[in-house]
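Worksheet for the structure shown next.
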Amino acid sequence: ASTTIKYPKRFNKKSRELYLNGEAYFAVTKNSKHPFIVHADKIDIEVLGTEFNVQSYSVDEISVTTLISGKVKLVTHEKSNNVLYQYFLDPGDQATFDKAANITQVVKTETKTITSWMNGEYSFKNKSLEEITNRLEKIYDIAFVINDETLKVETFTGKFFSEQSIEEIIDIINFKKQFSYEIDND
């Protein structure tokens, strides 16, 4: 929805590099003479032949890289652009980089859930309402205001589909009638 990718009209002779702000899925053909590099805010992902998902919006506090197959090298950077750490991910690994704290956590994950957005399915498991609404803002190009701090951290598990209206999704999340909401079309 609000993803931008910048790349040259023609890649140079040494590498294939692009710049990502948002979420994208890549299936990269192996070419050891021309590495494929994704620059996304304070991380770089270098691949030789693989499939992976990157979620790295410049406005978010974290960047998430999930390896589906193959192998990638994830490089994190400080604000001064100095290299902090390098991580080599194996299939099923998910690296979450906290941009403010400069901390990376690597865990095993279910990759089908991560890439389900490509089929119009959005799943969330034990995610805070704030995390869910941040995702919805990007998908539907809308803004949420949550005034209740305790409600922001309330966790939910569920699934919705891109063909559903935002009202329908909010009603599903709010099935217990925990909050009231209004839609302002401005």
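Note that the structure is a prediction, hence the values are computed from the model and not measured.
The shortest heavy-atom contact between Leu136 and Ile142 is O-CG1, 4.1 Å. Taking both residues in full, the closest heavy atoms of Thr113 and Ser123 are given as CG2-CB, 3.7 Å, listed atom of the first, atom of the second, then distance. The heavy-atom pair separating Ala101 from Asp98 by the smallest distance is N-OD1, 2.9 Å. Here the closest non-hydrogen pair linking Gln164 and Phe161 is OE1-N, 2.7 Å. For Ser63 against Ala40, the heavy-atom pair with the smallest separation is OG-O, 4.5 Å. Considering every non-hydrogen atom in both Ala95 and Leu74, the closest pair reads CB-CD2, 3.5 Å.
Going from atom CZ of Phe156 over to atom CG of Asn126 covers 11.5 Å, rounded to the nearest 0.5 Å. We find the NE2-CZ distance between His34 and Arg16 to be 8.0 Å, quoted to the nearest 0.5 Å. To the nearest 0.5 Å, the span separating CD on Glu130 from CG on Leu151 amounts to 10.5 Å. In this structure, CG in Asp93 is found 8.5 Å from NZ in Lys71, a value given to the nearest 0.5 Å. A distance of 12.0 Å separates CG of Leu84 from CD1 of Ile43, quoted to the nearest 0.5 Å. Interatomic distance, Leu20 CG to Tyr57 OH, rounded to the nearest 0.5 Å: 8.5 Å.
Within a 6.0 Å sphere centred on OH of Tyr85, heavy atoms belonging to other residues, nucleotides or ligands number 12 at most. Within 6.0 Å of NZ in Lys108 there are more than 12 heavy atoms belonging to other residues, nucleotides or ligands. Heavy atoms of other residues, nucleotides or ligands lying less than 6.0 angstrom from NZ of Lys127 number 12 at most. Taking a 6.0 Å sphere around OH of Tyr7, one finds it holds 12 or fewer heavy atoms contributed by other residues, nucleotides or ligands. Atom NZ of Lys125 has 12 or fewer heavy atoms from other residues, nucleotides or ligands within 6.0 Å.
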(request) Apply side chain to side chain contact (heavy atoms under 4.5 Å, CB included) to Asp44 and His77, showing your working. (result) CA-CA 8 Å; Asp44 296 329; His77 298 274; 2.6 Å; yes
(message) Checking Val72 against Phe26 for the side chain to side chain contact (heavy atoms under 4.5 Å, CB included) test, could you report, in this order, the C-alpha distance in whole Å, the side-chain angles of both residues, the deciding distance, and whether it holds?
(response) CA-CA 12 Å; Val72 298; Phe26 297 93; over 6 Å; no
(message) Please evaluate residues Asn53 and Thr115 with respect to the criterion side chain to side chain donor-acceptor pair (under 3.5 Å), reporting the C-alpha separation (whole Å), side-chain torsions for both, the decisive distance (0.1 Å), and the verdict.
(response) CA-CA 7 Å; Asn53 193 82; Thr115 58; over 6 Å; no
(message) Set out, in order, the CA-CA distance, both residues' side-chain angles and the distance that settles side chain to side chain contact (heavy atoms under 4.5 Å, CB included) for Phe52 and Val38, then state yes or no.
(response) CA-CA 11 Å; Phe52 62 103; Val38 177; 3.9 Å; yes
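Ile139 and Leu129 fall within the same hydrophobic cluster, where Ile, Leu, Val, Met, Phe, Trp and Tyr residues are linked whenever their side-chain heavy atoms come under 4.5 Å apart, directly or through other members. Ile68 is connected to Trp117 through a chain of hydrophobic side-chain contacts under 4.5 Å among Ile, Leu, Val, Met, Phe, Trp and Tyr, so both are in one cluster. Under a hydrophobic-cluster definition in which Ile, Leu, Val, Met, Phe, Trp and Tyr are linked whenever side-chain heavy atoms come within less than 4.5 Å, directly or via other members, Val28 and Ile37 are assigned to different clusters. A continuous path of ILVMFWY side-chain contacts below 4.5 Å connects Phe124 to Tyr25, so both sit in one hydrophobic cluster. Using a 4.5 Å cut-off between side-chain heavy atoms of Ile, Leu, Val, Met, Phe, Trp and Tyr, with links allowed through other members, Ile62 and Val106 fall into different hydrophobic clusters.
Side chains of Ile169 and Tyr122 form no contact here, defined as non-hydrogen atoms less than 4.5 Å apart. Contact annotation: the side chain of Ile170 approaches that of Phe144 to within less than 4.5 Å [non-hydrogen atoms, C-beta and beyond]. Proximity of Glu23 to Arg135: side-chain heavy atoms (C-beta onward) are separated by under 4.5 Å at one or more points. Inter-residue side-chain proximity for Asn147 and Val145 is flagged as met; some heavy-atom pair is nearer than 4.5 Å. Between Val59 and Glu137 there is no side-chain heavy-atom pair separated by less than 4.5 Å. Taking the side chain as every heavy atom from C-beta outward, Asn134 and Lys138 approach each other to under 4.5 Å.
Between the side chain of Asn119 and the backbone N or O of Glu121, no donor-acceptor pair lies under 3.5 Å. A donor-acceptor contact shorter than 3.5 Å links the side chain of Asp148 to the backbone of Thr150.
Between the side chains of Asp41 and Ser56, no donor-acceptor pair of N or O atoms lies under 3.5 Å.
By the 30° and 60° cut-offs, the orientation of the rings of Phe160 relative to Tyr140 is tilted.
The side chain to side chain contact (heavy atoms under 4.5 Å, CB included) with Thr66 is formed by just one residue from the set Thr111, Val54, Leu89; it is Thr111.
Remark: Lys42 fails to qualify as a cation-pi partner of Phe97 under the 6.0 Å distance and 45° angle criteria applied to the six-membered ring.
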